[in-house]
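Side-chain atoms are counted along with the backbone in the values below, which use heavy atoms only and exclude waters and symmetry mates. Below, chains carry the letters A, B, ... as their sequence lines are ordered, and counting in each starts from 1.
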2 protein chains.
Amino acid sequence: MADVARVAGVALGTVSNVLNHPAKVSPATLAKVQGAIAELGFVRNSNAQQLAAGRSSSIGLVVIDISNSLFVDIARGAQRFAAELGMNVLVANSDNRADQQRADLDFFDEARVSGILLAPMEDASDDVARIRSHGRPTVVLNYDSGKADCCQVLIDNEEVGYLAARHLIDMGRTRLAFVGGRDYLQPVALRRRGVRRAVEEEGGRVSLQEVPTENLDPPGGLRAGEELAGEVRAGRLDGVIAVTDLLGMAIIQVFNAHSIEVPGDVAVMGCDHNSAAWGGMIPLTSVQMQGLDMGREAVRLLMAEIEDGADHVHVTTMLQPELVVRESTVGRRIAANPDL
Amino acid sequence: MADVARVAGVALGTVSNVLNHPAKVSPATLAKVQGAIAELGFVRNSNAQQLAAGRSSSIGLVVIDISNSLFVDIARGAQRFAAELGMNVLVANSDNRADQQRADLDFFDEARVSGILLAPMEDASDDVARIRSHGRPTVVLNYDSGKADCCQVLIDNEEVGYLAARHLIDMGRTRLAFVGGRDYLQPVALRRRGVRRAVEEEGGRVSLQEVPTENLDPPGGLRAGEELAGEVRAGRLDGVIAVTDLLGMAIIQVFNAHSIEVPGDVAVMGCDHNSAAWGGMIPLTSVQMQGLDMGREAVRLLMAEIEDGADHVHVTTMLQPELVVRESTVGRRIAANPDL
DNA sequence: GTGAAAGCGCTAACAT
DNA sequence: ATGTTAGCGCTTTCAC
């Protein structure tokens, strides 16, 4: 930067002003300095800039699993909104490992980012508390710790389950199944609760069986599908709610192998509108998770907290999911081929 | 850090030694200092640390599209290998925008990261040249600029196309189609070339039609599928190579709507083994893109360049793709239900 | 509007 | 082995 000053024939402080407060500099000097910057290919050192200024224009986003499309959407939503505010978002992927997540948080803490966004899989209150105790604003996404010790952005997962069951019931289905083990995952537990609520509202008119799966991955769905196929044949099942889209698609595949028609014999739907769920021959009805909105809202809350300073009151934003109806529950319709 | 020194009753320099050269400190002092660090909840300021030390332990990864599963795999591969080396990877998503990509590169440049990994969609030589001229090592992934002015990690996309066509021919298919417009995308052009080579090797025994699509997205596939369905019915087509998996799945969906059997009437395959391609009722044969390996290799090349310093010779690593055969070209087989 | 100078928090070479 | 000190590159008062 001293070089730039010399080449431009001005003082070092003036170069700094050109970079940070261009309005405070006369147009002529400004041009001279910018010329020198271009000539020298000068790139300001953001480490020194942050050290001296004491503030950062970056936000750290820590996601537990970057291959999950919800978290990708969150990252994009956060990034786009942050860009509007002149901030940039750095993403660290924890690769489903708690220790890596901790390392990622510490990294951003050390880098003195202006704030951290955390999308964990399970409870991370301890880590959040540690970071927050260092005075770093932190917003948690997609997990409700219960304690309101930080801002949170959540999707109403109970409503997700409720919407799903409600939809099937509205379509005339009365013998439902909810597929998805691993109740220790918060979204699963909440969606299950919502499904139950919708079924209970029908007071006995609608039955519900709950099918555990070992894992939430396709193989788990294939196994569950075999079990469910028998239920369909026995006339005990006409509507399936899979807790994830991937599970739902696996189940459809098994049904197809058994010549069980979807949605003719049984309607199938997922719960976490996933880009991976597009491809099926039978597009899957699902529930939209509003990932872009979650990311955007999280940045908004973070900036608010930074602005508020000491007298900040934590806020929890609950986003409402939306039903996305496609043919796996209502029958065939392909946009590109309307005459079918 | 001065506080830590005071609490521990040692000099500031000793605290620095504890952090950076623990071996140079007596066990007793070490324990005292670590105690003080824990007590005060001290977190070192990495901006100051980098500024003073003049080196960074982070690598910047700029990807053009984080929702593309290849880039996600690259990120994971890079991150895992970097972690083994005690480095961490920061991901910036350019959201398919060239200006954002430039901003991301500049950001990492300003942050004085030890090196940059760039996975662009189209040519980015100018940007790379600019960054490199600042002395920052940069490795380009998945795009061959032609000029060997930096290390590159590529997948042999011509081989991808060749493997795909070779597979269909080996399965007895003789009337092929290659689907995928947008030849200005390097992977598309290369895969097309590979397909042609395989067909030419058969010297007229095998025919090939090339079907352009407006976009590489599912709607584009649906439209192409309609056209192809007519070709199948007319007996002019028995094997389809879609340049992406998503395109392939869309085509299968249209075939199914027309009661055309896959792979009975026509085999269909994709070219970029995509996690999104799992779900279909007919799992898609495709070609593995080795994303994890690409990420890993890119970090390896970057570290080598950093180590080599001035006398570094740029290297291009060409990874070989692998065929992943599934039922869309060979008939039904579902692992979970072997008796089908 | 401009230039000089005092740090920001840390590292590393030096002296002890 | 430990303490001392001069910067790293920048921002920002503060006089001019």
Side-chain angles (χ1 to χ4, degrees), chain A residues 1-37 39-58 86 106-114 134-136, chain B residues 1-37 39-58 86 106-114 134-136:
Chain A
M1 198 153 108
D3 294 344
V4 175
R6 192 159 18 75
V7 171
V10 299
L12 198 156
T14 304
V15 178
S16 175
N17 276 334
V18 169
L19 258 32
N20 304 301
H21 313 285
K24 304 262 171 206
V25 170
S26 78
T29 345
L30 203 149
K32 263 195 308 186
V33 173
Q34 287 173 334
I37 288 179
E39 183 185 333
L40 268 53
F42 167 78
V43 177
R44 83 123 73 61
N45 183 326
S46 64
N47 292 128
Q49 115 88 19
Q50 278 187 43
L51 182 57
R55 55 190 147 60
S56 156
S57 65
S58 329
D106 286 342
F107 175 85
F108 285 134
D109 201 12
E110 291 187 357
R112 301 292 191 269
V113 294
S114 58
H134 300 341
R136 199 157 313 289
Chain B
M1 199 155 111
D3 294 344
V4 175
R6 193 160 17 76
V7 171
V10 300
L12 198 155
T14 305
V15 178
S16 174
N17 276 334
V18 169
L19 259 31
N20 304 301
H21 313 284
K24 303 264 170 206
V25 171
S26 78
T29 344
L30 203 151
K32 263 195 307 184
V33 173
Q34 287 173 334
I37 288 178
E39 184 184 332
L40 269 52
F42 167 79
V43 177
R44 76 122 78 61
N45 182 325
S46 64
N47 292 128
Q49 116 88 19
Q50 279 188 42
L51 182 57
R55 54 188 152 59
S56 157
S57 65
S58 338
D106 286 341
F107 175 86
F108 285 133
D109 200 13
E110 291 186 357
R112 302 292 192 269
V113 294
S114 59
H134 300 341
R136 198 157 316 289

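Between Val10(B) and Val15(B) the shortest side-chain heavy-atom distance falls below 4.5 Å. Counting only heavy atoms from C-beta outward, the side chains of Val25(A) and Val33(A) never approach each other to under 4.5 Å.
When each of Gln34(B), Gln49(B), Arg44(B) is checked for a side chain to side chain contact (heavy atoms under 4.5 Å, CB included) with Leu19(B), only Arg44(B) meets the rule.
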In 5'-to-3' order, the base (B), backbone-only (S) or no-contact (-) status of each nucleotide in nucleotides 10-16 of chain D, using a 4.0 angstrom heavy-atom cut-off, is BBB----
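Summarising the geometry, atom CZ belonging to Phe107(B) is positioned 6.5 Å from atom OG belonging to Ser57(A); distances are rounded to the nearest 0.5 Å.
At least one donor-acceptor pair under 3.5 Å links the side chain of Arg136(B) to the backbone N or O of Val113(B).
One atom, CG of Asn47(A), and another, C1' of dG7(D), lie 16 Å apart when rounded to the nearest Å. A straight line from CG of Leu51(B) to C1' of dA6(D) spans 13 Å, rounded to a whole angstrom.
OP1 or OP2 of dT2(D) has at least one side-chain nitrogen or oxygen of Ser26(B) nearer than 4.0 Å.
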